[in-house]
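In what follows, a structure is listed as structure tokens, so that the remarks can point back to it.
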Amino acid sequence: MLKAVIFDLDGVITDTAEWHYLAWRELANRIGIDFNREFNEELKGISRMESLEKILALGGKADRYSETEKIELASTKNDHYVQLLTQMKPDAIFPGIKELLEELKANGVLIGLASASKNAPAILQSLEITNYFQTVVNPDEVERGKPAPDIFLRAAEKLAVSPAECIGIEDATAGITAIKDAGMYAVGVGTIEKMKQAGADLVVEDTQELVLSVLLREFNQ
Ligand code: G6P
Ligand code: MG
């Protein structure tokens, strides 16, 4: 029986995935690293410092910066990203997500957030949806980031449900791997080919398709 739906944030609830991309691209370009959307896919769901490491490795500059300089680079990116976030209003929520949160609440299905973002609580506040969530896992609470299943398992633990009673929703391939390895039903938001390849059980190309009756039908099959 479905007891909880555990959401990723960036790229599932709102379009911050695009803002992460813009902020990383600007930083990468500033230090002479070429950066495109295809490479950006690899950063989705990945923590801030891991993302920086991947970018530096892409540019062959992994050894060029000290730990202190890396922290400065990551915080420069975050300052830019947080600046972009100031534009965020409740209408930035993706189509159908608010309705899904309402449906879940009305049907007693628990709601959790499993985002790698340390900015997640502030984003939920800006979107005015904090109250729907029974738990928001702080990424610092878990040892390993996505694609490890830790953050989804922690969300289930905090909601006191078993992983088999959960649906996880993700837009990143690392996130789909995390959900599947947690033993949950994985819904991918994105292109069918990419999400199926990552192991998603159900794929929607548009968040408007995320309707409780559809989720229940597929989950119970
Ligand atoms: C999410 C995004 C990643 C981002 C990570 C950390 O998982 O998909 O692109 O790097 O959160 O976000 P933060 O806001 O803490 O830098
Ligand atoms: Mg995401």
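First listed ligand is number 1; within each ligand, the first listed atom is number 1.
Between the Mg ion (ligand 2) and the N, O or S atoms of Asp171, the shortest distance is to OD1. With respect to the Mg ion (ligand 2), Asp8 has OD2 as its nearest N, O or S atom.
When Ala116, Ala120, Ser115 are checked for heavy-atom proximity to atom 6 (C) of ligand 1, Ala116 turns out nearest.
Under the 4.5 Å side-chain heavy-atom criterion for Ile, Leu, Val, Met, Phe, Trp and Tyr, Ile123 and Val5 are members of the same hydrophobic cluster.
With hydrogens and angles left out, the side-chain atoms of Asn78 and Asn119 include a donor and acceptor closer than 3.5 Å. A side-chain N or O of Lys77 and one of His20 form a donor-acceptor pair less than 3.5 Å apart.
Remark: Asp140 CG is packed, more than 12 non-hydrogen atoms of other residues, nucleotides or ligands lying under 6.0 Å away. For Lys3, the NZ atom sits in a loose shell: 12 or fewer heavy atoms of surrounding residues, nucleotides or ligands are nearer than 6.0 Å. Atom CD of Gln87 is surrounded by more than 12 heavy atoms from other residues, nucleotides or ligands within 6.0 Å.
Regarding atom 9 (O) of ligand 1, its nearest protein heavy-atom neighbour is Leu43 O, 3.4 Å. The protein heavy-atom contact nearest to atom 16 (O) of ligand 1 is Arg48 NE, 2.7 Å. In terms of protein heavy-atom proximity, atom 15 (O) of ligand 1 is closest to Lys118 N, 2.7 Å. Residue, atom and distance of the protein heavy atom nearest to atom 5 (C) of ligand 1 are Ile46 O, 3.3 Å. The protein heavy-atom contact nearest to atom 8 (O) of ligand 1 is Gly45 N, 2.8 Å. At the shortest separation from atom 2 (C) of ligand 1 among protein heavy atoms lies Asp10 OD2, 3.4 Å.
When each atom of ligand 1 is checked for a heavy atom of Ser51 under 4.0 Å away, the hits are 10 (O). Less than 4.0 angstrom separates some heavy atom of Asn119 from each of these atoms of ligand 1: 13 (P), 14 (O).
Taking backbone and side-chain atoms together, Asp10 has an N/O/S atom less than 2.8 Å away from the Mg ion (ligand 2).
Within the 4.0 Å heavy-atom cutoff, Ala17 does not count among the residues contacting ligand 1.
Salt bridge absent: Arg64 and Glu69 never bring a charged side-chain N and a carboxylate O closer than 4.0 Å.
Relative to the six-membered ring of Tyr65, Lys61 misses at least one condition, a distance below 6.0 Å or an angle of at most 45° to the axis.
The shortest N/O to N/O separation between Ser117 and ligand 1 falls below 3.5 Å.
When side chains are defined from C-beta on, Asp201 counts as touching Lys180, because their heavy atoms get closer than 4.5 Å.
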